[in-house]
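Values reported hereafter were calculated over all heavy atoms of this structure, with side chains retained and with hydrogens, waters and symmetry mates removed. Lettering follows sequence order; numbering is per chain, from 1.
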There are 2 protein chains.
Amino acid sequence: MRTGGAPGAVDPGGASAQIRDAAVVRFGRDGFGAGLRTIADDAGVTAGLIVHHFGSKEGLRRACDAHVLALLRTAKEEALTDTDTGSLLARTAGIEEFAPIVRYLLRSVQAGGELAATTAEHMIGDAAAYLAAGEAAGVIRSSRAPAARTRFLAYQGLGSLLVWFTLHPDNGDDARFTASLREYVRTITFPAVELFCQGLFVDRSMLDDHPLHVPDPPSDGASA
Amino acid sequence: MRTGGAPGAVDPGGASAQIRDAAVVRFGRDGFGAGLRTIADDAGVTAGLIVHHFGSKEGLRRACDAHVLALLRTAKEEALTDTDTGSLLARTAGIEEFAPIVRYLLRSVQAGGELAATTAEHMIGDAAAYLAAGEAAGVIRSSRAPAARTRFLAYQGLGSLLVWFTLHPDNGDDARFTASLREYVRTITFPAVELFCQGLFVDRSMLDDHPLHVPDPPSDGASA
DNA sequence: GAGCAGGCTAAACAGGCGTTCAATGCGAAG
DNA sequence: CTTCGCATTGAACGCCTGTTTAGCCTGCTC
């Protein structure tokens with residue numbers, strides 16, 4: 001086997017990164033209940049080595065979270081002026097290489113925890129930026145509660161995607177996942193556009209009569 | 001104890017129903033990874049008895065699914081003319097007694113599986129009825145793809161609720177859960193009303209220019 | 001060449017899991 | 001009273017989990 005030096009083989013980051021990548025893929029595919037030995041087999045190593053490198057399974061997951069978050073931050077600048085949250089993720093996963101990351105993120109949101117909250121805050125922040133930009137450009141209506149609207153849209157988009165993948169467990173390879181993701185986008189695009197263009201209710205009385213006791217809280221979405 | 005003639009019959013007060021109820025509560029609270037011994041302790045029995053009555057853990061879960069589904073069907077007639085999916089669930093959980101059922105349903109959707117698909121189909125069916133009724137009453141706009149819109153709205157409402165509870169794990173008693181549910185409804189009500197009344201985009205060009213190659217598929221939402 | 005450090009492995013360990021089994025207790029029937 | 005049937009128990013089993021431990025084996029350093 002190759003050792004820790006710097007051999008000429010394709011070894012980006014060494015076995016540690018290899019384990020981490022395998023863990024991201026396996027966690028994304030099977031959820032965080034996946035066993036260390038399974039991940040070890042995927043990475044071509046043993047379970048003991050994982051603990052040797054990451055201290056524990058939780059340490060491995062922290063490393064995966066940090067790695068995915070770093071990738072997310074790196075790929076953030078590729079984000080375009082898109083209004084829909086699901087489409088944003090879909091675009092990110094358009095690059096087939098990023099499918100495991102999106103899969104891992106969905107698993108993370110599904111399982112809750114710190115990365116889930118961070119991811120949600122990320123998406124809410126992005127959505128806020130997009131909405132503000134669209135509002136400034138005159139293509140998006142103003143809101144009487146912008147922050148609440150932003151959080152609402154982000155929750156809806158992320159949750160809808162999550163339900164889709166929970167109900168369509170095409171737990172195959174990444175190509176299947178990407179195809180399902182595209183199918184999802186194709187399915188929701190028209191209803192989303194229709195809803196965003198013409199709303200759902202015929203008249204505005206329900207909105208105009210609303211007391212709006214929602215104080216449009218600050219962007220902290222964690223505490224109840 | 002009573003020795004029932006029919007072993008599988010619903011026997012209010014019997015140990016079988018007691019185990020099932022405890023399992024619904026525990027599964028809803030901790031997820032389906034909860035151990036048999038934990039459920040047994042909750043029900044005041046032993047793990048062996050659970051297997052004796054339900055055959056296996058999967059059998060117990062099937063019994064829970066069937067029970068929850070029966071309760072859902074029973075409580076369906078209480079549904080009112082509400083447009084929002086989340087509010088529907090919230091109204092159902094308004095009765096404190098129904099909080100464990102809603103919790104179990106959310107866990108079920110989170111975990112996927114048959115009950116999740118059935119629940120989703122239920123909600124889609126209900127949403128379709130509400131939308132059609134509202135459309136007939138002239139308060140809801142017509143859609144160029146009604147079935148797609150229905151499924152879209154159901155996915156959004158259900159997913160948003162799911163993300164809320166994943167990110168706000170107030171895993172305390174049922175009172176906490178109910179309070180969090182009310183908080184959720186309070187939070188999303190205004191943005192939902194605003195979106196449903198005035199949409200999101202300023203002009204309709206994005207909708208009018210849409211080719212609409214979505215063939216508005218039949219109400220089967222399970223297969224990809 | 002000798003010695004050391006560390007990546008890496010295989011085996012063992014402790015604990016939890018679902019499940020099985022023999023035995024107990026109690027109520028009903030003969 | 002005896003006997004049977006069934007709900008119920010507590011202990012045991014086998015499996016899988018994350019983790020620990022001891023040792024090998026390789027490459028670097030002197």
Side-chain angles (χ1 to χ4, degrees), chain A residues 1-65 104 107-108 111 113, chain B residues 1-65 107-108 111 113 171:
Chain A
M1 299 299 176
R2 90 168 63 91
T3 55
V10 185
D11 194 0
S16 177
Q18 204 167 338
I19 292 172
R20 165 173 48 67
D21 291 346
V24 168
V25 171
R26 180 57 68 176
F27 279 150
R29 188 166 315 207
D30 296 350
F32 295 106
L36 279 187
R37 287 168 179 84
T38 308
I39 298 172
D41 284 352
D42 291 346
V45 298
T46 58
L49 189 62
I50 297 181
V51 180
H52 174 73
H53 276 301
F54 299 95
S56 66
K57 186 179 183 180
E58 194 194 329
L60 173 63
R61 198 187 154 184
R62 274 198 299 265
C64 290
D65 283 8
Y104 183 90
R107 284 283 179 199
S108 184
Chain B
M1 295 301 175
R2 62 202 319 127
T3 62
V10 180
D11 193 357
S16 178
Q18 203 167 340
I19 291 172
R20 167 172 46 65
D21 291 345
V24 168
V25 172
R26 180 56 68 175
F27 279 150
R29 188 167 314 206
D30 295 350
F32 295 105
L36 279 187
R37 288 167 179 84
T38 308
I39 298 171
D41 283 353
D42 291 346
V45 297
T46 58
L49 188 62
I50 298 181
V51 179
H52 176 254
H53 276 300
F54 299 96
S56 66
K57 185 180 183 178
E58 194 194 330
L60 173 63
R61 202 193 150 179
R62 274 198 299 265
C64 289
D65 282 9
R107 285 285 180 196
S108 183
N171 278 329

Looking at [options], which one has an atom nearest to any side-chain atom of [X]?
{"X": "A:Lys57", "options": "C:dT19, D:dT8, D:dT19", "result": "D:dT19"}
{"X": "A:Ser56", "options": "D:dT9, C:dT9, D:dT19", "result": "D:dT19"}
{"X": "A:Ala47", "options": "D:dG10, C:dT19, D:dT19", "result": "D:dT19"}
{"X": "B:Ala15", "options": "D:dT19, D:dT8, C:dC17", "result": "D:dT8"}

Run the side-chain contact (heavy atoms from CB on, under 4.5 Å) check on B:His52 and B:Leu49 step by step: do they pass? CA-CA 5 Å; B:His52 176 254; B:Leu49 188 62; 4.1 Å; yes
side-chain contact (heavy atoms from CB on, under 4.5 Å) with A:His53: which of A:Leu60, A:Val45, A:Ile19? A:Ile19
May I ask you to verify if any side-chain N or O of A:His53 is less than 4.0 angstrom from the OP1 or OP2 atom of C:dC8? yes
Under 4.0 Å: is that the gap between some side-chain N or O of A:His52 and OP1 or OP2 of C:dC8?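 No, no such contact exists.
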Over all strands shown, is B:Ala40 touching base, sugar-phosphate only, or nothing at heavy-atom distances under 4.0 angstrom?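 Here B:Ala40 touches no strand at all.
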What is the distance, to the nearest angstrom, from the [atom1] atom on [X] to the [atom2] atom on [N]?
{"X": "B:Leu49", "N": "C:dG18", "atom1": "CG", "atom2": "C1'", "value": "15 Å"}
{"X": "A:Arg61", "N": "D:dT17", "atom1": "CZ", "atom2": "C1'", "value": "17 Å"}
{"X": "B:Ile50", "N": "D:dT8", "atom1": "CD1", "atom2": "C1'", "value": "12 Å"}
{"X": "B:Ile19", "N": "D:dA7", "atom1": "CD1", "atom2": "P", "value": "11 Å"}
{"X": "A:Phe32", "N": "D:dG18", "atom1": "CZ", "atom2": "P", "value": "14 Å"}
{"X": "B:Leu36", "N": "D:dC13", "atom1": "CG", "atom2": "P", "value": "20 Å"}
{"X": "B:Ile39", "N": "C:dG18", "atom1": "CD1", "atom2": "C1'", "value": "11 Å"}

Residue set satisfying ring-ring contact (aromatic ring centres under 6.0 Å, His included) with A:Phe32, at least two apart, ordered chain then number -> A:Phe27, A:Tyr104
Can you tell me how far the CD1 atom of A:Ile50 sits from the CZ atom of A:Arg37, to the nearest 0.5 Å?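 So the CD1 of A:Ile50 and the CZ of A:Arg37 are separated by 10.0 Å.
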Between the base of D:dG18 and the side chain of A:Arg37, is there any donor-acceptor pair under 3.5 Å? yes
If you apply the rule side-chain contact (heavy atoms from CB on, under 4.5 Å), what do you find for B:Asp42 with B:Val25, and how did you get there? CA-CA 9 Å; B:Asp42 291 346; B:Val25 172; over 6 Å; no
